[in-house]
Amino acid sequence: MEFLAPTTWQDALAAKAEYPDAVPVAGGTDVMVGINSGRLRPSALLDLGRVTDLTDWGLDGGYLRLGAAVPYRRIIEELKDKAPGLGMAARTVGSPQIRNRGTIGGNLGTGSPAGDCHPPLLVCDAVIELASVRGVRRIPVTEFFLGPKRTAVAPDELIAAVLVPPADGPQQFAKVGTRNAMVIAVCSFALALTPERGWVRAAIGSAGPVPTRAYTAEQFLTEALQQDGFASRSGRGDVALPESVVRRFGELVAAAASPIDDVRGTAAYRRHALSVLAQRTLRWAWESYRGRGDRCT
Amino acid sequence: MTTTRTHAATGTGRIGDSPIRPDGLLKVRGEFAYSSDLWTEGMLWGATLRSPHPRARLVRIDVTPALRLPGVHAALTHVDVPGAKCYGLEHPDQPVLAFDEVRYQGEPVALVAADDPETARRALAAIEVEYEPLPPVVDAEAALRPDSDLVHPGGNLVRHVRIRKGVHDTPDGVPELPEADVVVSGEYRVGMQDQGFLGPESGLAIPAADGGVDLYVATQWLHGDRRQVAASLGLPPEKVRLTLAGVGGAFGGREDLSMQIHACLLALRTGRPVKMVYSREESFFGHVHRHPAVMRYRHGARRDGQLLWVRAEIVLDGGAYASTSAAVIANATTLGIGPYRVPYVAVDGWAVYTNNPPCGAMRGFGAVQACFAYESQMDKLAAALGLDPVEIRVRNALRTGDTMPTGQVVEGPAPVAELLRRVQAAPPAPPTPTGDLRHLPGGVGNTTHGEGVVRGVGYGIGIKNVCFSEGFDDYATARVRLELIGGELTASVHTAAVEVGQGLVTVQEQIVRTELGVDRVTLRTADTSVGDAGSSSASRQTFMTGGAIKAACEQVRQQVLSRLSSAAAANPAAYRFVEGKVLAGTEVVADLAELVGDQPVEATAEFRHRPTQPLDPQTGQGDAHVQYAFAAHRATVDVDTELGLVKVVEIVTAQDVGRAINPQAVEGQIQGGTTQGLGLALLEEIQVSNGVVLNPSFTDYLIPTIADTPPMRLEILELGDPQAPYGLRGVGEPPTISSTPAIVAAVRAATGRELTRVPLRPEHIAGVTAAGEPSPGER
């Protein structure tokens, strides 16, 4: 097995062009598990640990730009206000050791249907920046996931960064696992609410071949908010969401999932749990919007 | 973790103190050498080819493609096993390497030794095996029917234990039970739990000049291993020498052999040292698991709650090979009604062969499965009679002098009612703190901020036998030597007793310090050059090896006193050995170092517990057990009733340990055992579908993390058993037994659902049916 250890981004891209089968590794929390178990035997490993600019984040135009090798721990500690949904999701990943090592780019690169960061990226319309010696391209995250562990990254490309619009409204993320920590999602759900702009984003994880937006549920809720004038009503104040709206939103989220029975749970339970999570996170987000913020994070 | 009594490491290292474990700092720092860390110059790496099929005819094996690879030094099959082709703890039915037929997924078929692990992996892939898959026998109850396929030619029944106390069967075999005011019945199931030890199976075999082999290995019983290894190698036992390597947990999973014979075969074939280390996934196939159980119970009681009769039928799925199934079903049945006084008892238990993974010893050993059933029944009975769950247990609590279903009279303290009253009397668990997700069901998953959360409280009490039962000649050997080393009085202890993490190393030193009044105690590495210590299982090792060390120390004292005077030797009880002095009363009569001088004193003692009897095969009557141990739990849980997620808020537990030799180690055992029971209640299950394991990894076989482990309030009683050394009572297993039903009872209280199967699953707790809609609570 070749071990490639570039020290600059340009060298990393050149190496990937030369060795398109090389598996990139940063924190190693997925790759090394695969190698140790014997399931992964790549012809080459491309170690990104020496490419220091991948671990930075900063502002880039209207976006928050996270280098691909920013670890979960820094997302939790440094970005929880700017990207709260992502921060909540990062908090649910693995153990402290895993969160120190594991990176957002690795989460994307693995492309697991259960990747914790995927639903919050979907609800904030994140953009993935892919690079190769051929150049740089940016694709919406909705076009990134092609199937279980299959992504839009071309063989000669590396994930350079994730571009996230700073939050302009409440965001929520919730993940069901049978254990209270260090667990792969049975199912997960992310929600972003920006009623001033009249839109809602909802996304489902670990309940289908790829993480997915719940478009029908989004549209229903968006229309309900607009029809009832919630978004335009001044003073926000005392307007509670009707239970019927919350319940219907939950039903539509559940209907948007395409779960299976597996060792982690049944399809029926996943649908049920998604409905519960959708309703709860909607209430929390709405409360937060009304300014009575539920600070339980 | 908070406890009412938290023992920091304290004292001078005598009995009742909590000295620091000699291996503690090393383990915390990651510096302890486990068996997987063994290394020697020129060693090869062994690896095992395993069957992908749960049941298949072995048509052909060809290892020659593996042997052609550079760096491969041996490739072995069953024809290369020179001695006994099969091994087993109780009944040698398990092939060293499969021949004719494979009977479970993961069964070893061939071995290789190679220069490095990667070459060994490629060699395994090169071996050609032709299988003819057969339909596996996977349902233990169906396996007992006459029309079932046979897993073994002799039939699918490993053992049927039949117990009748005060009950006769009708001519067609139905137990005749008296009329009861109230009858409750239930069917309960227990899934396949794994020991989940962290140190995978591993060891190093080194061929010796005398044609024998030295094996360094993590195990639970050195001599038990040696007997089986020597038989399969075709060597006399003295040519097979075992030395204990660092053990990374056991919990019963190292009672059966794993890589022991294999590594020795490869070492003897190649003439080179051979190391074997299982991967995590392989480990799930490399050791036995806890028996899955189906249990049907009926309890008949008087209106005042007094139990009149219990009828129980227990089926344990033993998997493909016998392992310890015969003893496990004996425990499940003889302890099958729990620590209760019941005049009429009819219990039948069957351990059954299937093509599922082999099951055998795991902490609690049959008592765990039964306890889930009988404690669920006690709660059901309480509900039927409108009684408090503790009250109904107390009204039926076993007491000293009562008779077990086997006719055995309970001797020594049996504080069943007191343990229950103590956990009940503890202050209620505090309310759920707000503002931190880690205190809520679902934890950091952010699934609830309080919505749907309902609190529940449940109780459980269990009973366990300590030491080996049913007439087994159970003994332990210890050699103690007292000498001056560099002018300093030093005692050394040599046993073959295995430290599996329970703290035996510290206990051994404490006993010697107490008995001989010597500060400096060294432990020799456990190996087979000293006599058998028996297994580190059945909560027996402090009792047995502790007893042997005590006896050896007494012999050493006797020899020392005979140097003092013949009068002293004739009256040893009048002398105490304290801080290097020999005392008669409070008077110092001699200096121990002077008495020892340059003539070391050494004694080897064998210790046996009181004899036990086999069970009568027709009636199950007999004094089969040595000692009974009891623990009670009160569990408080917060359940997200909509999502079916659970946070165990607090556990209160009370246990009589007779005498706490090392209080801190006792607390560790109780906390760890309780947590393992929590795992069975809520998380831990090897999922098997048609004989195939679905989750052989810690990604999907979930054991409790610290976020799942509640604060525990421990009440440790030291009531003293007159029949045991120092009055001690085995500690390790009881906490695992009753924490499971207590937690399930608490979840039932919160949800109103019946919940008859463990581990509980979120969909069961939330009542989600296949149609996806929660069903209403049943109570």
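Naming: A, B, ... by sequence-line order, numbering from 1 per chain. All values derive from a computational prediction rather than experimental measurement.
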Legend entry - Approximate separation, where rounding is to 0.5 Å, of A:I104 CD1 and A:H118 NE2: 8.5 Å

Legend entry - B:P759, part contacting chain A, at a heavy-atom distance under 4.5 Å: neither

Inset, instruction - Could you tell me which portion of A:V33 (side chain, backbone, both or neither) has an atom closer than 4.5 angstrom to a non-hydrogen atom of chain B? - result: neither

Legend entry - Whether A:N180 side chain and B:G442 backbone form a donor-acceptor pair below 3.5 Å: yes

Legend entry - Side-chain ion pair, B:E685 and B:R757, N-O less than 4.0 Å: yes

Inset, instruction - Against chain B, label A:F189 side chain, backbone, both or neither, depending on which of its atoms sit under 4.5 Å from a heavy atom there. - result: neither

Inset, instruction - With a 4.5 Å cut-off on heavy-atom pairs, point out which of A:D261, A:D116, A:V276 contacts chain B the most. - result: A:V276

Legend entry - A:Q279 CD to B:E642 CD distance, which is reported to the nearest 0.5 Å: 8.0 Å

Legend entry - Max heavy-atom pair count under 4.5 Å with chain A, selected residue of B:D708, B:I703, B:T705, B:V646: B:D708

Inset, instruction - Pick one of side chain, backbone, both or neither for B:L683, based on which atoms fall under 4.5 Å of a heavy atom in chain A. - result: side chain

Inset, instruction - Begin from the C-alpha positions of A:E243 and A:R283 and carry the test salt bridge (Lys or Arg N to Asp or Glu O under 4.0 Å) through to its verdict. - result: CA-CA 10 Å; A:E243 271 308 295; A:R283 289 195 196 95; 2.9 Å; yes

Inset, instruction - Measure from NZ or CZ of A:R280 to the centre of the six-membered ring of A:F249, then state whether that distance is under 6.0 Å and the direction lies within 45° of the axis. - result: no

Inset, instruction - Tell me, for A:R91 versus chain B, whether the close heavy atoms (under 4.5 Å) come from the side chain, the backbone, both or neither. - result: both

Inset, instruction - Give, as side chain, backbone, both or neither, the part of B:S279 having an atom under 4.5 angstrom from any heavy atom of chain A. - result: neither

Legend entry - Spatial distance of atom OG1 (A:T103) from atom CZ (A:R74) [nearest 0.5 Å]: 12.0 Å

Inset, instruction - Let me know if B:R438 has heavy atoms under 4.5 Å from chain A in its side chain, its backbone, both or neither. - result: side chain

Inset, instruction - Would you mind telling me which of A:A273, A:A254, A:A174 has the largest number of heavy-atom pairs within less than 4.5 Å of chain B? - result: A:A174

Legend entry - Closest-packed option against chain A by number of heavy-atom pairs under 4.5 Å, given B:N695, B:L645, B:L682: B:L645

Inset, instruction - Please check if the distance between the ring centroids of B:Y701 and B:F284 is under 6.0 Å. - result: yes

Inset, instruction - Could you check which of A:V176, A:T281, A:V183 has the highest count of heavy-atom pairs closer than 4.5 Å to chain B? - result: A:V176

Inset, instruction - Kindly check if the number of other-residue, nucleotide or ligand heavy atoms within 6.0 Å of CZ (A:R101) is above 12? - result: no

Legend entry - Side-chain donor-acceptor pair present, B:S697, B:E281, cut-off under 3.5 Å: no

Legend entry - Side chain, backbone, both or neither of B:R121 within contact of chain A (heavy atoms, under 4.5 Å): side chain

Legend entry - Side chain, backbone, both or neither of B:E118 within contact of chain A (heavy atoms, under 4.5 Å): side chain

Inset, instruction - Measure distances from B:L702 to the heavy atoms of chain A and classify the residue's part below 4.5 Å as side chain, backbone, both or neither. - result: both

